[in-house]
Number of protein chains: 2
Amino acid sequence: MTPQNFYKGQARFLVSVDCVILGFIGNDIKLLTFRRKIEPNVGGLSLLGGFVYEDETIDEAANRVVSALTGLDNVYMDQVGAYGNLDRDPGERVISVVYYALISIDDYKNSIISASDSQWVNLDRAEELIFDHKQMVDDAITQLRQQAALFPIGFNLLPERFTLTQLQTLYESIYAEKLDKRNFRKKILSMNILERLDEKDKINSKRGAYYFVFNKEKYEEMLRRGSSFSI
Amino acid sequence: MTPQNFYKGQARFLVSVDCVILGFIGNDIKLLTFRRKIEPNVGGLSLLGGFVYEDETIDEAANRVVSALTGLDNVYMDQVGAYGNLDRDPGERVISVVYYALISIDDYKNSIISASDSQWVNLDRAEELIFDHKQMVDDAITQLRQQAALFPIGFNLLPERFTLTQLQTLYESIYAEKLDKRNFRKKILSMNILERLDEKDKINSKRGAYYFVFNKEKYEEMLRRGSSFSI
DNA sequence: TCAAAAGTGTTCTTTCTACACCCATGG
DNA sequence: CCATGGGTGTAGAAAGAACACTTTTGA
């Protein structure tokens, strides 16, 4: 069979990306949501999405969509999967590829956009999302939990410098469970991937808490030692 | 904006599924491969694939493609992800959604098809696969390892009845590492999800080894106890 | 001076790892 | 009778879980 015959006549699909954009605000993981601007479901709570263009990869589309909105580059993203139910978008059949994105609220505040009709909401409000977006969020969180336990990706949600209390609160928020302070510190410090600065955060306590930074070189050295990240 | 304006004029894509079909044959995980029948790359070693139709979900397409080939229904499948590089298929741009499928060689042998131009190969031969199919296999195996460690999906690769030695060999093959016999048995049996039959397999040894079956009810009871699968 | 968050070790429990011999049977 | 794979327990090491008090300092 010639390629002409083979490829021709096959159905073609609209393909979009939907982004589960997560930030760590206050003491909680929050989801960046939008108000849908077009029918159907105008005004419905929605993930950030957009169609994939002819001349870009799916990853590029996801990056473009997130960058356009947040003004940020080099956002950490991970693909969750493809969603292709027939009626998932009541407007027309659209196959959507979902990503989660982790952004540091600091970067976001400094970013150009941040205005528009976007809104940070708690994860329990995912109930209100349109179409299959709640399912997408659920799947993204499940994947984030797995990944965050095995790789040092959580730092993408924190400012460059953070305290151990912040770090612990972040993981508590990701896993939705309390962690023991002493055990947590013992574990994270024993990995030797954090560098303690001399400066202290005096905002959250009178005494002040040391700032730490994640050190990528130390992390890679840990891997070379045959050890691996685990929280 | 009206939906007409919004959806219209967007690029549309060919969307395919590619299936990493895995079987446990002899003492190894093998990959079911095919010889590509069309240009470009006629005759190249390939995964089983097919285009998604207008009126089916992506999951349905994957099931259809696997069923058509193997004659099997209810094959265990899990989505790996969407692959959308611009030139991944040199014939034309195609976005492909990858699944891995676990099939029991017993079922396969009883299936109608099994002939055709298919071939079971060792995983190291994934090197020879066309396009980005090697990457797909690598990603599928990575995901299988994660899933098989946490959920009782390995049994899909075994016949209904199996010996503990077979089960151990299966996991050794999935993880590509030797496991300690006594520790393995202790762990799997302590979960109380297997049922020992009175019959023995006398094919692989003179003494004979007890057959076991996976018991789904026992597994669910284990979950209810708050325990979880782990190998 | 006191409220509020930071910081710090030890014990116990559980899980993991390493390891070697006897058993049953068909040929 | 013996070669082959089947089956079994224990002890030491490592990791995980539980737990409470002292320190610092700005208000």
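Lettering of chains follows the sequences in order, A, B, ..., and the numbering in each one begins at 1.
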Intermediate values then yes/no, side-chain contact (heavy atoms from CB on, under 4.5 Å), A:Val52 and A:Glu60: CA-CA 9 Å; A:Val52 175; A:Glu60 283 164 1; over 6 Å; no

May I ask you to check whether B:Phe24 and B:Trp120 place their ring centres under 6.0 Å from each other?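 No - the distance between ring centres of B:Trp120 and B:Phe24 does not fall below the 6.0 Å cut-off.
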
So, B:Phe155 versus B:Phe162, ring centres under 6.0 angstrom or not?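 Here the rings of B:Phe162 and B:Phe155 have centres that are less than 6.0 Å from each other.
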
Contacts to DNA chain C from residues 178-188 of chain A, heavy-atom cutoff under 4.0 Å, which residues?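 Within residues 178-188 of chain A, the residues near DNA chain C are A:Lys181, A:Arg182, A:Arg185, A:Lys186.
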
Listed in order of residue number, which residues of residues 218-231 of chain B have a non-hydrogen atom at under 4.0 Å from DNA chain C?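 None - not one residue of the stretch has a heavy atom sitting under 4.0 Å from the strand.
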
Quick one: which residue pairs count as a salt bridge (Lys or Arg N to Asp or Glu O under 4.0 Å) with a foot in residues 148-171 of chain A, not counting sequence neighbours?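 Counting only pairs at least two positions apart or across chains, the salt bridge (Lys or Arg N to Asp or Glu O under 4.0 Å) contacts touching residues 148-171 of chain A are A:Arg161-A:Glu199.
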
Roughly, in whole Å, what's the span from [atom1] in [X] to [atom2] in [N]?
X        : N      : atom1 : atom2 : answer
A:Gln168 : C:dA6  : CD    : P     : 10 Å
B:Tyr211 : D:dG5  : OH    : P     : 16 Å
A:Gln166 : C:dA6  : CD    : C1'   : 13 Å
A:Leu189 : C:dT8  : CG    : P     : 8 Å
A:Glu177 : D:dG16 : CD    : C1'   : 13 Å
B:Ile203 : D:dT4  : CD1   : P     : 19 Å
A:Asp201 : D:dT25 : CG    : P     : 14 Å

Does A:Ser96 form a side-chain hydrogen bond (donor to acceptor under 3.5 Å, both in side chains) with A:Asp18? I'd like the steps, not just the answer. CA-CA 7 Å; A:Ser96 187; A:Asp18 281 304; 2.6 Å; yes

First locate atom CD of B:Gln119, then atom CZ of B:Arg125, and finally report the distance between them rounded to the nearest 0.5 Å.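 Those atoms lie 5.0 Å apart.
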
Supply the atom-to-atom distance A:Glu172 CD to A:Ile29 CD1, rounded to the nearest 0.5 angstrom.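 CD1 of A:Ile29 is found 11.5 Å from CD of A:Glu172.
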
Establish whether the base of C:dA24 is bridged to the side chain of B:Arg207 by a donor-acceptor pair shorter than 3.5 Å.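 Counting by modelled atom types and ignoring angles, no donor-acceptor contact under 3.5 Å is found here.
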
Under 4.0 Å, counting only non-hydrogen atoms across every strand here, what does B:Thr165 touch: a base, just sugar-phosphate, or nothing?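 Counting heavy atoms under 4.0 Å across all strands, the contact made by B:Thr165 is with sugar-phosphate only.
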
Going by the angle between their ring planes, with limits at 30° and 60°, are B:His133 and B:Phe131 parallel, tilted or perpendicular?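 Taking B:Phe131 first and then B:His133, their aromatic rings stand perpendicular (interplane angle over 60°).
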
DNA chain D: B:Ala209 or B:Lys206, which has the more 5' nearest nucleotide?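 Whichever sits nearer the 5' end wins; that is B:Lys206.
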
Taking the side chain of A:Lys202 as its heavy atoms from C-beta onward, which of C:dG7, D:dT25, C:dG26 lies nearest to it?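 Selected nucleotide (nearest to the side chain): D:dT25.
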
Is there a side-chain hydrogen bond (donor to acceptor under 3.5 Å, both in side chains) between A:Asp139 and A:Gln143 once you walk through the steps? CA-CA 6 Å; A:Asp139 294 345; A:Gln143 186 164 325; over 6 Å; no

